[in-house]
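Here's the structure we're looking at; comments come further down.
Indexing begins at 1, ligand by ligand and atom by atom, following the structure's order. For the numbers below, each heavy atom of this structure counts, side chains included, while hydrogens, waters and symmetry mates do not. All residue numbers refer to positions in the sequence shown, counting from 1.
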Amino acid sequence: MRSELVDLINFSKSLYGNSDFIPLHEPCFTGDENRLVNECLDSTFVSSVGKFVGQLEKELADFTGVKHVVVTSSGTSALHISLLLAGVESNTEVITQSLSFVATCNAITYCGAEPIFVDVDRKTLGLSADSLSEFLHKYAKIEVGHCINKLTKKTISACVPMHTFGHPCEIDQIKEICNKWSIPLVEDAAESLGSQYKEQYTGTFGLLSAISFNGNKIITAGGGGAILTNDTKLAKRAKHLTTTAKTTHKWELKHDEVGYNYRMPNLNAALLCAQLSQLQFYVDNKRDTASKYSNFCKTNNIELIEEPNNARSNYWLNTLLLDNYDEQQEFLEYANSHGLMSRPAWTLLNELPMFSGCFSMPQITAKFLSKRLVNIPSSVRL
Ligand SMILES: *Cc1c(COP(=O)(O)O)cnc(C)c1O
């Protein structure tokens, strides 16, 4: 392996205090977490009702500038409900990217729909506006206000771009294309809370968007998620569907449709209220770490993924683009056996057995990236 890469591994270790094992991303609970969780325990309202759920929803809306937030049990459940509310039904198709976590496609499948994979962009690592446009011009038509796939005759019921590792994708171009083709836009913003595109937070561009609070994300409650939308009616429906579709009544236990138990417990919301008040600090801290990595990489001829044009990334995970597959494998082997956790990007979703039969545009950039990307330690540094 190139000596510069060994130096980078040592540099990363030095950033994290040279401890024996440096994880990729560990949570940080140095704020008000204990106090708020204890307050929640003392109140005994640990479950589906309690003040922290509403407080968190309001604070997340204030932070991101979106009108409505509905918190959920996970990012996956937030995506599932977002897709249902965008109109994703069984026997329809949803356009997405192969370079993503499996939850993106799982949620599409829960709706009975099938993913279509367009390629990703070399700079943003997110869904490529050019590939999306090429797919639609080749294979789609608009029929009575719906976008139809000419090959399968199925409706294209949504498009789900993902902001990979926190870097905003070309979301304004993608939104314009989706509008032109009458395709509802649902953002998978699971990794990008706190990232901005043209000074607007990711997760606020789509008809609906999903955020994750899983243990490895920028803020966490162990697990959890949120649905973001500017549409008041959809927000009401999201709340209803994620809370078992129970009708409001003083004592009657009545449900008016098949809903989901996807609510976030008040206990987790308490923890997240404490986390959210530190989000801006975390973003600044992670951006500082990214600039340290960036300076090191520039002087050592290593390519680090930088935030795209017009974007301000939360730098959730710092990512190297290595020269080739062999170098990627050597790096992973060396780093992981020397106490520095490093991981490649996910196996492309169109290569997983359950999605390998789905339609794919040529995955040229996705394949190129998946053979070369590695994530390196990116936790908040104290
Ligand atoms: C983490 C993540 C999710 C879902 O998160 P969970 O909260 O673990 O269900 C969805 N999509 C992407 C891209 C993610 O990284």
query = Is it true that R122 and E303 make a salt bridge, defined as a side-chain N closer than 4.0 Å to a carboxylate O?
reply = yes
ask   = Above 12 or not: heavy atoms from other molecules or residues under 6.0 Å from CG of N301?
value = no
key: Pair K51 + E39: basic N to acidic O under 4.0 Å   = yes
Pair K367 + E351, salt bridge at N-O below 4.0 Å = no
message = List the protein residues in contact with ligand 1, where contact means a heavy-atom separation under 4.0 angstrom.
response = S74, G75, T76, S100, F101, A103, T104, M162, D188, A190, E191, S212, N214, K217, G224
task = Please test E170 against K123 for salt bridge (charged side-chain N to carboxylate O under 4.0 Å, His left out), starting from the C-alpha separation and ending with a verdict.
result = CA-CA 10 Å; E170 305 168 296; K123 286 274 175 247; over 6 Å; no
request  = List in chain and number order the residues that pass side-chain contact (heavy atoms from CB on, under 4.5 Å) with E59, two or more places apart in sequence or in another chain; answer none if no residue qualifies.
outcome  = Q55, C273, L276
